[in-house]
Each structure stands twice: as structure tokens, then as C-alpha cells.
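Here is the naming used below: chain letters follow the sequence lines, and residue numbers restart at 1 for every chain.
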Amino acid sequence: QKEVEQDPGPLSVPEGAIVSLNCTYSNSAFQYFMWYRQYSRKGPELLMYTYSSGNKEDGRFTAQVDKSSKYISLFIRDSQPSDSATYLCAMNVFSSGSARQLTFGSGTQLTVLP
Amino acid sequence: NAGVTQTPKFRILKIGQSMTLQCTQDMNHNYMYWYRQDPGMGLKLIYYSVGAGITDKGEVPNGYNVSRSTTEDFPLRLELAAPSQTSVYFCASSLGTSPAEQYFGPGTRLTVT
């Protein structure tokens, strides 16, 4: 079993729809949870991160973490064609001696149709 | 700031050839990483470094080598290229303090034939 599971999609939605992207994980030591966006033929860019359980909102994006269920989500409101990209979840363990390695999901490919 | 830069953008290698992928960051980050990304497979860590002179293996180090002589540069060396090394290679860097979000370069597309 992979440490982080992510539905690869592809996911196709009409412009203006609410999008829900999800990851599940097995390592209960994970404490920081991140979402990266990767446009075609580009490097991943950090969208947002959260620490432990709860919600975090940034404009049209909301990240949600449920540590009891080992489940994280990214919601995109009023989706735009410019949101079309692959979304990767990533997480790591807080440890003063670690190399701060991130464990990534395999990514969900999203297309927002105009 | 340019962030993380990588060269070359594209390269085609013949089986058995060698090459070095260059990575430079100007954010004064201590931590640097090399990943490979295969279609539908996410990012796999090849090597990482926690500072100049210190490197360590990641999940898939076989066939690769790295060095870190300065804070800014973290080159990845491929020796005796094989078709299985056809991939997109990303370099990343981070401060190292939590949450340790990583900043990625634009990638190098490598084909080995």
C-alpha cells in the first residue's frame, strides 16, 4: 500500500463548478499537508499548506485536513479554465532531525471546460 | 530572484552515455532535492542534500550520483544512461524549517534511446 493515495482522474468539470480533490494517507505521523499545482510541462508550484487538522482558505481555494480519517481535500470554488492542471498532494513529518522530505501523491489531472 | 533554475530543458542521450543535469537556486536554501516524474507516477525522490558537502539517497538513487560543493548548486550525474532513466527531472529546494515547503525548478526532459 502506498503511503499517499490520490485518484489520478482525469477530472473534467464545467467552468464555475466546485471541484473537490482528495488524498488519503496511511502514516499517522504526517503533520504538514500541502497542495501543489502543476501546469503541463512545468514544475510543481505550492498552492497552500495546512498544519494538522482543520480548514484553511485562500481565495477560491480551501484545504481541509481530517487526521482522524487520514483524509485531505482541496476545494476549488468558481473553477476557471486557468485552473486546468495536475494537482498533487504532499505531506511530511515534523522532526528536528529529518531532511524535511515530502511524500507526494501521484496527482489528479483537472480540466475546467469553458 | 530567479528561484530554482535547471539546465538543459531537453536532452536526448544514447544508451551508455553520461551527462550532468544542472540545478541552481538563489534563495539561500539549505535543503535541495532531485526528483524524477514518470507519467501518472507522481514524484520520486532520487537524492537530497541538507547542506554543502552533505548528500543522501532517496527512494530511487540507482544509476545517479550527486555532489553539493556550494549552497547554490546541486548537480545530478547520470552514468551509463539506460532507457529506464527516460523521465522528467525536477530539482527543488527548501529552507528546511517546518513546514518545509519545496520550490521547484522547471524540469529537464530526458530521453534515453
Could you check Q85(B), E79(B), R11(B) and say which one makes a side chain to side chain contact (heavy atoms under 4.5 Å, CB included) with M19(B)? R11(B)

Just distance, no hydrogens or angles: give the donor-acceptor pairs under 3.5 Å from side chains in residues 36-46 of chain B, sequence neighbours left out.
residue	atom	partner	partner atom	Å
R36(B)	NE	D38(B)	OD2	3.4
R36(B)	NH1	Y64(B)	OH	2.9
R36(B)	NH1	S84(B)	O	3.1
R36(B)	NH2	D38(B)	OD1	3.1
R36(B)	NH2	D38(B)	OD2	3.3
R36(B)	NH2	S84(B)	O	2.8
Q37(B)	OE1	Q38(A)	NE2	2.9
Q37(B)	NE2	Q38(A)	OE1	3.0
D38(B)	OD1	S87(B)	OG	2.7

Do NZ/NE/NH1/NH2 and the carboxylate oxygens of K70(A) and E5(A) come within less than 4.0 Å? no

For N27(A), enumerate each residue passing the side-chain hydrogen bond (donor to acceptor under 3.5 Å, both in side chains) test, keeping only those at least two apart in sequence or located in another chain. E3(A)

With a 4.5 angstrom heavy-atom cut-off, which part of F10(B) approaches chain A: side chain, backbone, both or neither? side chain

Among Q6(A), E45(A), R41(A), K42(A), residue most engaged with chain B (heavy-atom pairs, under 4.5 Å): R41(A)

Treating E57(A) as the side-chain partner and R60(A) as the backbone partner, does any N or O pair qualify as donor plus acceptor under 3.5 Å? no

Between S49(B) and I54(B) (side chain of the first, backbone of the second, donor and acceptor by atom type, cut-off under 3.5 Å), is there such a pair? yes

Report, one line per pair, each donor and acceptor closer than 3.5 Å where one atom sits in a side chain of residues 7-16 of chain A; sequence neighbours left out.
residue	atom	partner	partner atom	Å
D7(A)	OD1	G9(A)	N	3.0

Give me the contact list for residues 106-114 of chain A versus chain B, heavy atoms only, anything under 4.5 Å, ordered by residue number. S106(A)

